[in-house]
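Pasting in a structure now, in structure tokens, and then I'll have a few things to ask.
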Amino acid sequence: MVELPEIGALDSHPIAVIGMGTMGRGLAMMFSTRGGEIHAYDAVKRVAEEGAAYARDKVGDVCKTIPGGTPGRVVVCPDLASAVEGAWLVIEAIAEKPDLKTELFGELDRLAAPGTILATNSSSYKSSEVIGKVARPERVLNMHFYLLPMLRSVELMTCGKTDERYIRFLKDMLPRWGFVPHVAMKESTGLIFNRIWAAIKRETIHVLAEGVATPEDIDALFREVIGTESSPFRQMDKVGLDVVLDIEDHYAAERPSLPVEVRDLLRNYVAQGRLGVKTGRGFYDDYTKK
Ligand SMILES: NC(=O)c1ccc[n+]([C@@H]2O[C@H](COP(=O)([O-])OP(=O)(O)OC[C@H]3O[C@@H](n4cnc5c(N)ncnc54)[C@H](O)[C@@H]3O)[C@@H](O)[C@H]2O)c1
């Protein structure tokens, strides 16, 4: 039986963030809003330092939006062992590559104290897919965040072997840092919202692939009827069509009945270098003109 962290440990023990890219630096910023210490580690030292500087720079403003918010300390650690030392929670936010994550979770499990919670921020992999080298899977789970600090929802999901008390504990504690937790009641690829969003993206592309309507018309209808400013094609262009294809390939590997036309269209765009905003052209080609 694993032990739950004591509530007092939340302030006196650090939280470790592994991977200080887009998400890691946002996580370091959010989790340093209650005065504690954040241990930041990235395989690339410069990224860890830039990410920590970003978090320190922004935390003051974010604290104003969180009741009881007080800036904490973000400390860059030279290696994984020093990053997890004393931590009650470790959040992994490295690249979306299951082999890398499996290696890392093996290391984290070996280095972290037995009661330390180990969470993956993976967008599309179930935590059960990264515990191949973990001896204590009862302390591993998915903890999936969105772009920070704007979106504060977080989804919690079992690895199939997670001690349920950890999930309840995190659900109760995460609002301290301004998060709004939601629990997936069973394992699900894409957790909750990303799975629903995947279905919207898929059907949107399918409508285009069949030649039924243009991206402009589809996006305009979506915005009008759903009553939102964001729309599927613009959103996919922002994320990058190579990433959208990787995600859809992952769903299709589990559910081969998904329409192949969607992946074919994406592969065709990627082959042409139409990756979206990052290459100036995707479903839309007006990015360089902006
Ligand atoms: N970007 C998003 O909008 C978003 C949203 C939710 C979840 N996620 C998930 O968060 C994770 C990170 O995504 P990101 O967009 O921040 O990626 P990113 O590429 O911006 O950052 C990843 C960082 O991990 C580092 N890294 C790679 N291997 C490492 C290792 N073994 N040890 C330590 N550091 C290592 C890299 O140097 C890099 O700085 C992914 O699993 C992704 O699916 C991303």
Side-chain angles (χ1 to χ4, degrees), residues 16-31 38-55 74 76-84 87 90-112 118-127 129-133 140-157 159 179-182 184 189-198 201 230 235-251 275-278:
V17 178
I18 312 301
M20 286 291 287
T22 308
M23 288 304 293
R25 60 194 58 194
L27 289 165
M29 170 185 68
M30 291 301 293
F31 280 101
I38 304 302
H39 285 181
Y41 173 72
D42 194 288
V44 181
K45 191 169 172 235
R46 178 186 51 78
V47 175
E49 281 165 357
E50 283 172 8
Y54 170 89
V74 181
V76 174
C77 295
D79 51 40
L80 210 52
S82 54
V84 304
V90 178
I91 310 170
E92 169 273 311
I94 71 165
E96 187 71 341
K97 304 227 181 309
D99 295 350
L100 283 184
K101 289 187 193 280
T102 299
E103 281 303 317
L104 178 66
F105 271 87
E107 278 289 282
L108 292 174
D109 186 48
R110 196 173 60 75
L111 293 168
L118 307 180
T120 175
N121 183 42
S122 174
S123 299
S124 65
Y125 289 96
K126 296 184 270 202
S127 42
E129 294 174 273
V130 301
I131 54 172
K133 298 193 172 178
V140 180
L141 77 159
N142 286 84
M143 186 152 74
H144 178 253
F145 297 88
Y146 292 85
L147 272 182
L148 298 166
M150 300 73 76
L151 306 176
R152 307 275 174 99
S153 292
V154 50
E155 295 175 42
L156 304 173
M157 185 173 80
C159 73
F179 292 113
V180 182
H182 304 274
T189 298
L191 291 92
I192 308 170
F193 185 75
N194 275 352
R195 178 170 161 181
I196 294 164
W197 182 238
K201 286 184 293 183
S230 92
Q235 197 64 24
M236 287 189 271
D237 272 353
K238 275 190 215 159
V239 169
L241 301 192
D242 49 344
V243 177
V244 174
L245 175 60
D246 282 348
I247 294 169
E248 185 60 8
D249 274 340
H250 184 214
Y251 284 107
L275 304 187
V277 175
K278 60 188 165 189

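Just follow the structure's listing: the first ligand is 1, and inside any ligand the first atom is 1.
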(message) Between Phe31 and Phe179, is the ring centroid distance below 6.0 Å?
(response)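 Yes.
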
(message) Just to be sure I read this right, does ligand 1 sit under 4.0 Å from the backbone of His144, its side chain, both, or neither, counting only heavy atoms?
(response) side chain

(request) Considering only non-hydrogen protein atoms, determine which one is nearest to atom 22 (C) of ligand 1 and report residue, atom name and distance to 0.1 Å. (result)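 Looking only at protein heavy atoms, the one closest to atom 22 (C) of ligand 1 is Ala93 O, 3.7 Å.
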
(request) Looking only at protein heavy atoms, identify the closest one to atom 21 (O) of ligand 1 and say how far it is in Å. (result)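 Answer for atom 21 (O) of ligand 1: Gly21 CA, 3.4 Å.
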
(message) Please find the pair of heavy atoms, one from Val140 and one from Ser127, that lie closest to each other, and give the distance.
(response) CG1-CB, 4.2 Å

(message) Under 4.0 Å from a heavy atom of Val44: which atoms of ligand 1 are those, numbered in the order shown and with their elements?
(response) 37 (O)

(request) Work out whether the distance between some heavy atom of Tyr146 and some atom of ligand 1 is less than 4.0 Å. (result) no

(request) Considering only protein heavy atoms, determine whether one is less than 4.0 Å from atom 17 (O) of ligand 1. (result)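 Within 4.0 Å: no protein heavy atom nearby.
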
(request) Search all heavy atoms of Asn121 against all heavy atoms of Phe145 and return the closest pair with its distance. (result)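 Result for this residue pair: OD1-N, 2.8 Å.
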
(message) Check contact between Lys101 and ligand 1, using heavy atoms of the residue and a distance below 4.0 angstrom.
(response)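 Yes; Lys101 lies near enough to ligand 1 that a heavy-atom distance drops under 4.0 Å.
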
(request) Using a strict cut-off of 4.0 Å, indicate which atoms of ligand 1 neighbour a heavy atom of Ser122. (result) 41 (O)

(message) I need the minimum non-hydrogen distance between Ala55 and Val74, along with the two atoms involved.
(response) CB-CG2, 4.1 Å

(request) Flag the pair Arg46 and Glu49 as a salt bridge only when some basic side-chain nitrogen lies within less than 4.0 angstrom of an acidic carboxylate oxygen. (result)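 A salt bridge is absent here (no side-chain N lies under 4.0 Å from a carboxylate O).
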
(request) Give the minimum heavy-atom separation between Leu148 and Met29, together with the two atoms involved. (result) C-CE, 4.1 Å

(message) Looking only at distances, can you tell me whether any N or O atom of Ser123, backbone or side chain, sits closer than 3.5 Å to an N or O atom of ligand 1?
(response) yes

(request) Please report which non-hydrogen protein atom sits nearest to atom 20 (O) of ligand 1, along with the residue it belongs to and the distance in Å to one decimal place. (result) Thr22 N, 3.0 Å

(request) Output yes when the distance from some N or O of ligand 1 to some N or O of Tyr41 is under 3.5 Å, and no in every other case. (result)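 No.
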
(request) List the closest protein heavy-atom neighbour of atom 34 (N) of ligand 1: residue, atom name, distance to the nearest 0.1 Å. (result)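 Minimum-distance protein heavy atom for atom 34 (N) of ligand 1 reads Ala43 N, 3.1 Å.
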
(request) Select one of side chain, backbone, both or neither to describe which atoms of Val47 lie under 4.0 Å from any atom of ligand 1, heavy atoms only. (result) side chain

(request) Verify whether one side chain among Ser124 and Glu96 offers a donor that lies under 3.5 Å from an acceptor in the other. (result)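 Per modelled atom types, Ser124 and Glu96 side chains form a pair under 3.5 Å.
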
(request) Identify the two heavy atoms, one from Val130 and one from Phe105, that lie closest to each other, and give their separation to 0.1 Å. (result) O-CB, 3.4 Å

(message) Tell me the nearest of Leu80, Val243, Ile94, Leu151 to atom 35 (C) of ligand 1, using heavy-atom distances.
(response)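 Nearest heavy atom to atom 35 (C) of ligand 1 lies in Ile94.
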
(message) Could you tell me, atom by atom, which parts of ligand 1 come under 4.0 Å of a heavy atom of Phe145?
(response) 5 (C), 6 (C), 7 (C)

(message) Using a 3.5 Å cut-off on N or O atoms only, is Met23 in polar contact with ligand 1?
(response)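 Min N/O separation from ligand 1 is below 3.5 Å for Met23.
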
(request) Determine the sole option in Val90, Asp79, Leu80 for which the side-chain contact (heavy atoms from CB on, under 4.5 Å) test with Leu111 is passed. (result)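 Among Val90, Asp79, Leu80, the one meeting side-chain contact (heavy atoms from CB on, under 4.5 Å) with Leu111 is Leu80.
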
(request) Flag the pair Phe193 / His144 as yes when their ring centroid distance falls below 6.0 Å, and as no otherwise. (result)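 Judged by ring-centre distance (under 6.0 Å), Phe193 and His144 do not meet the cut-off.
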
(message) Going by the closest heavy atom to atom 38 (C) of ligand 1, which one wins out of Val239, Asp79, Asp42?
(response)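 Going through Val239, Asp79, Asp42 one by one, Asp42 has the nearest heavy atom to atom 38 (C) of ligand 1.
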
(message) Just to confirm my output: which protein heavy-atom neighbour is closest to atom 10 (O) of ligand 1, and how far is it?
(response)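 Sorting protein heavy atoms by distance from atom 10 (O) of ligand 1 puts Asn121 ND2, 3.0 Å first.
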
(message) Please check: side-chain N/O of Asp42 versus main-chain N/O of Met20, any donor-acceptor pairing under 3.5 Å?
(response) yes

